[in-house]
Peer 1: 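This is the structure I have questions about; it appears just below.
Just so we're clear, the structure is a prediction, and the values are computed from it rather than from any experiment. Convention: sequence-line order gives letters A, B, ...; per-chain numbering from 1.
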Number of protein chains: 2
Amino acid sequence: MSKGPGGHEPDHGDHTHPEVSGADASVEGVLAVMREHGGRVTSSRRILLGALFATREHRTAEELTAAVQAQLPDVHPSTIYRNLDELERLGVVVHSHIGHGPATYHLAASAHGHLVCEVCGSTVDVADTMFSGLARQAKADHGFTIDPHHFAVPGRCANCG
Amino acid sequence: MSKGPGGHEPDHGDHTHPEVSGADASVEGVLAVMREHGGRVTSSRRILLGALFATREHRTAEELTAAVQAQLPDVHPSTIYRNLDELERLGVVVHSHIGHGPATYHLAASAHGHLVCEVCGSTVDVADTMFSGLARQAKADHGFTIDPHHFAVPGRCANCG
DNA sequence: CTCTATGCAAATCTTTTGCACGAAC
DNA sequence: GTTCGTGCAAAAGATTTGCATAGAG
């Protein structure tokens, strides 16, 4: 959690932010973009973005809903889905389907791949360079440009393999 | 329900299996394996396998159900799911999750990866060899064994790139 | 005030499961 | 005759949508 000096509680209902730090700045930035696009800035959106920026890992809609509800109990899952949809339309988040189970969402800005263990569910972050060979070959053989920001590879990790 | 002697095959009338053609031989081979494992040989299983061997492309459970129902109208989708499950357990078929939408199934023998265009939704089948570099590197750097048949690589195809 | 976002319930869509009956061996 | 497979209905899990209203600008 990136709390600024002195700050400790996230819910300051109607409080102007004099200085925001790290992730908070990004959250406000995205909210500004949403407002520019005719959208409104709401608490659920601010908290959802906070959750997305807090951990750059993959999280399901259900997990994100729980995270938001921890601060705003009455937020409905459909609101999370609608907001994730909107954020995806704006290019802020992307989602992937990893093996079975629900889709996972994460920031589009986190440009790294993930290896996801199908057995224990653990994830390993890997550099984009790991996909450079695949990218080159896909381009050469099929004219296909792979998306390095939207990548989750299932398999078995060192412990479960 | 069983066709047995006197039944009708769409492709040929002679089916006393002195020399069955390619796919049919494989279908009967798989059925033999199922019987060895204590399973029964049923019409729906034979027709489902026929559909899988007929086109080696990936097909959804719904498409496969329709294909089977074309010859056996009363087959229930749940039967298809159960049979696909069993075939997967035997290693005959595998399934992948391509972008949104339902899972797609295909023969394990024709295992291949998928490139999915994020713009037009088209898919490109690619040889396993395309993932060998990635597989080796994931193994070496992280002890991770990737499963190249269980996911799709997103990106932009030659037309949309 | 105007228009968007939300909560809620119900609908969709895909896949799974319990149960009784019929088929394969 | 015993065991397995199937049809049917209903459930389960994830996501979407219609609608009235609360809330942002």
Side-chain angles (χ1 to χ4, degrees), chain A residues 13-16 28 30-49 58-66 68-69 71-90 93-105, chain B residues 1-5 7 28 30-49 58-66 68-69 71-90 93-105:
Chain A
D14 48 3
H15 183 275
T16 50
E28 297 304 323
V30 172
L31 289 172
V33 171
M34 296 189 88
R35 187 159 33 207
E36 281 171 26
H37 283 252
R40 273 89 200 266
V41 174
T42 66
S43 299
S44 69
R45 286 180 172 178
R46 198 189 309 274
I47 299 173
L48 173 59
L49 282 166
H58 292 176
R59 306 182 72 178
T60 64
E62 188 183 19
E63 291 167 344
L64 289 167
T65 299
V68 173
Q69 286 178 338
Q71 299 182 54
L72 215 60
D74 287 338
V75 171
H76 199 271
S78 65
T79 295
I80 302 297
Y81 281 107
R82 281 190 274 228
N83 282 336
L84 287 171
D85 228 43
E86 179 65 20
L87 288 170
E88 193 152 23
R89 211 170 296 126
L90 292 175
V93 307
V94 293
H95 78 278
S96 337
H97 296 271
I98 302 179
H100 295 182
T104 59
Y105 297 78
Chain B
M1 276 211 295
S2 173
K3 292 200 180 81
E28 296 305 323
V30 172
L31 289 172
V33 171
M34 295 188 88
R35 188 158 32 207
E36 281 172 25
H37 284 252
R40 275 88 198 266
V41 173
T42 66
S43 298
S44 69
R45 286 180 172 179
R46 197 189 310 273
I47 298 174
L48 173 60
L49 282 166
H58 37 252
R59 306 178 72 179
T60 65
E62 189 183 20
E63 291 167 343
L64 289 167
T65 299
V68 173
Q69 286 177 337
Q71 299 181 54
L72 215 60
D74 287 338
V75 171
H76 199 271
S78 65
T79 295
I80 301 298
Y81 280 107
R82 281 190 272 228
N83 283 336
L84 286 171
D85 228 42
E86 179 65 19
L87 288 170
E88 194 152 20
R89 211 170 295 126
L90 293 174
V93 307
V94 293
H95 77 277
S96 334
H97 298 272
I98 300 182
H100 296 182
T104 60
Y105 298 77

Peer 1: Mind calculating the distance between CG (B/Asn83) and P (D/dC4) to the nearest angstrom?
Peer 2: 15 Å
Peer 1: Any donor-acceptor pair under 3.5 Å joining the side chain of A/Arg40 to the base of C/dC3?
Peer 2: yes
Peer 1: Would you mind telling me which of D/dC8, C/dT15, D/dG25 lies closest to the side-chain atoms of B/Pro102?
Peer 2: C/dT15
Peer 1: Could you check whether any side-chain heavy atom of B/His95 comes within less than 4.5 Å of a side-chain heavy atom of B/Thr104, counting everything from C-beta outward?
Peer 2: no
Peer 1: Does A/Ser78 or B/Ala103 map to a spot on DNA chain C nearer the 5' end, using the closest nucleotide for each?
Peer 2: A/Ser78
Peer 1: Rounded at 0.5 Å granularity, tell me how far OG1 in A/Thr65 sits from OH in A/Tyr81.
Peer 2: 6.5 Å
Peer 1: Please check the phosphate of C/dT15 (OP1 and OP2 only) for any side-chain N or O of B/Tyr81 closer than 4.0 Å.
Peer 2: yes
Peer 1: Atom CZ of B/Arg46 and atom CD of B/Gln71: how far apart are they, to the nearest 0.5 Å?
Peer 2: 11.5 Å
Peer 1: Rounded to the Å, how far apart are B/Glu62 CD and C/dT12 C1'?
Peer 2: 13 Å
Peer 1: In whole angstroms, how far is the P atom of C/dT4 from the CD atom of A/Glu36?
Peer 2: 17 Å
Peer 1: Per the side chain to side chain contact (heavy atoms under 4.5 Å, CB included) rule, which among A/Leu64, A/Leu72, A/Val75 passes with A/Ile47?
Peer 2: A/Leu72
Peer 1: Could you give the NE2-to-P distance, from A/His76 to D/dA20, as a whole number of Å?
Peer 2: 17 Å
Peer 1: Take A/Thr42 and B/Val41, find for each the nucleotide of DNA chain C with the closest heavy atom, and name the residue whose nucleotide sits nearer the 5' end.
Peer 2: A/Thr42
Peer 1: Please answer whether the main-chain N or O of B/Asp74 pairs with a side-chain N or O of B/Gln69 as donor and acceptor at a distance below 3.5 Å.
Peer 2: no
Peer 1: Quick one: is B/Arg35 getting a side-chain N or O under 4.0 Å of the C/dA24 phosphate, OP1 or OP2?
Peer 2: no
Peer 1: Under 3.5 Å, is there any donor-acceptor pair linking the side chain of B/Arg82 to the base of C/dT16?
Peer 2: no
Peer 1: Taking CD1 from A/Ile80 and C1' from C/dG7, how many angstroms apart are they, rounded to a whole number?
Peer 2: 12 Å
Peer 1: Answer with base, sugar-phosphate or nothing: what part of the nucleic acid does B/Asp85 contact at a heavy-atom distance below 4.0 Å?
Peer 2: nothing
Peer 1: Calculate the interatomic distance between B/Leu72 atom CG and D/dG7 atom C1'; express it in whole Å.
Peer 2: 12 Å
Peer 1: Whole Å only: how far is the CG atom of B/Leu64 from the P atom of C/dT15?
Peer 2: 11 Å
Peer 1: How long is the line joining CG of A/Leu49 and C1' of C/dA5, in whole Å?
Peer 2: 14 Å
